[in-house]
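Below: the structure, in structure tokens.
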Amino acid sequence: MSETEWSGAQPAMVLIRPQMGENIGGAARAMWNFGLDRMRIVEPRDGWPNQKAVAMASGAGRLLDEAMICDSTEEALADCNYVFATTARVRGLTKPVMTPERAMEHARAMMAEGKKVGIMFGPERSGLENEDVAKANAIISVPVNPAFGSLNLAQCVLLTSYEFRRQTAEVVPETVDMAKTEWAEQIEIEKLADHYEERLDTASFFFPEAKAAGMKTNLRNMWSRMPLTRADVQMLHGMMRQMVRWKERGE
């Protein structure tokens with residue numbers, strides 16, 4: 001693989017002896033969901049190319065077209081400076097064991113130094129063999145349910161790709177879809193509070209008189225705690241106006 005193919009500083013996702021074309025296609029799809037496109041496939045059981053992989057990859061078929069098909073693990077890892085092995089089993093090998101988050105943080109730091117990183121994923125039925133894990137510098141272990149630790153190949157690729165994306169792209173942890181409105185300004189909240197206080201006062205809500213001041217303060221505090229949009233404020237004004245009209249009609 002040429003140096004130019006490593007542009008963009010991303011790890012190579014190395015599928016070791018994958019058994020089903022559908023899982024290879026699912027892995028490609030998972031990678032491309034998070035902007036990764038460096039796939040290497042070692043000894044695919046059902047041969048290559050594989051139409052089931054193409055069908056499952058959907059819009060990520062390019063990754064399969066450009067995948068590096070290798071005859072051995074050694075060939076797939078030949079140009080890597082650092083290799084991770086994903087496994088859920090205790091291997092009896094002395095190696096650093098990292099969560100996907102920590103591993104991808106480490107991968108990002110190494111690639112920033114110009115190093116090439118490979119991540120091995122084992123076959124669906126048994127996972128990586130010890131002889132493959134022995135070639136890795138560190139192990140990635142997903143903190144799954146101890147009573148059911150089996151992860152589908154594509155799921156494992158997706159988890160790792162997601163964590164790499166989190167480490168290398170600015171991901172906002174929470175946003176609000178404003179739905180064609182914007183946050184209400186303080187003056188609008190104050191006018192809403194005035195409207196409700198006035199109408200509730202007329203309705204003798206603030207009773208007994210000794211508690212009226214505290215009740216008004218609590219109501220003002222409630223409005224200030226609520227993240228209201230301008231649409232919310234308009235609706236709340238309208239609700240109060242309609243209730244007043246209904247009361248007046250009843251009289």
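Everything numeric here is computed off the predicted structure, so don't read it as measured data. For reference, positions follow the sequence shown, starting with 1.
Counting heavy-atom neighbours within 6.0 Å of Phe34 CZ, excluding the residue itself, gives a total above 12. By the 6.0 Å contact criterion, CD on Gln51 is open, its count of non-hydrogen atoms from other residues, nucleotides or ligands being 12 or less.
Asp201 has a carboxylate O that lies under 4.0 Å from a charged side-chain N of Lys216, or vice versa, which qualifies the two as a salt bridge.
The CE atom of Met104 sits 8.5 Å away from the CD atom of Glu163 when rounded to the nearest 0.5 Å. With values rounded to the nearest 0.5 angstrom, Tyr162 atom OH is found 12.5 Å from Thr160 atom OG1.
A donor-acceptor distance shorter than 3.5 angstrom exists from the side chain of Glu124 to the backbone of Gln19, with no hydrogens or angles considered.
In this structure Glu188 satisfies the side-chain hydrogen bond (donor to acceptor under 3.5 Å, both in side chains) test together with Arg230, sequence neighbours excluded. Arg45 is linked by a salt bridge (Lys or Arg N to Asp or Glu O under 4.0 Å) to nothing, counting only residues two or more places apart in sequence or in another chain. Annotation: side chain to side chain contact (heavy atoms under 4.5 Å, CB included) contacts of Lys191 (sequence neighbours excluded): Ile187. Residues that satisfy the side chain to side chain contact (heavy atoms under 4.5 Å, CB included) test with Ala193, not counting sequence neighbours, are Arg220, Trp223. With sequence neighbours excluded, the residues satisfying side chain to side chain contact (heavy atoms under 4.5 Å, CB included) with Ala231 are Thr181, Thr229. Residues forming a salt bridge (Lys or Arg N to Asp or Glu O under 4.0 Å) with Glu43 (at least two apart in sequence, or on another chain): none. With sequence neighbours excluded, the residues forming a side chain to side chain contact (heavy atoms under 4.5 Å, CB included) with Val244 are Arg199, Met240, Glu248, listed by chain and number. Not counting sequence neighbours, Glu209 has no partner by the salt bridge (Lys or Arg N to Asp or Glu O under 4.0 Å) test. Arg17 is linked by a salt bridge (Lys or Arg N to Asp or Glu O under 4.0 Å) to Asp132, counting only residues two or more places apart in sequence or in another chain.
Counting only residues at least two apart or on different chains, the salt bridge (Lys or Arg N to Asp or Glu O under 4.0 Å) pairs with a member in residues 134-158 are Glu74-Lys135. For residues 127-161, the set of pairs meeting the ring-ring contact (aromatic ring centres under 6.0 Å, His included) definition, not counting sequence neighbours, is empty.
Side-chain contact of Glu22 with Asn50: a donor-acceptor pair under 3.5 Å is absent, judged by distance alone.
In the hydrophobic clustering, where aliphatic and aromatic side chains (Ile, Leu, Val, Met, Phe, Trp, Tyr) are joined below 4.5 Å either directly or transitively, Trp183 groups with Val176, Met178.
Linking ILVMFWY side-chain heavy atoms closer than 4.5 Å, directly or via other members, places Val54 and Leu15 in a single hydrophobic cluster.
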Evaluation steps, side chain to side chain contact (heavy atoms under 4.5 Å, CB included), between Asn81 and Val117 = CA-CA 6 Å; Asn81 303 115; Val117 175; over 6 Å; no
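Aromatic rings of His106 and Tyr82 (six-membered ring for Trp) have centroids within the 6.0 Å cut-off, being under it.
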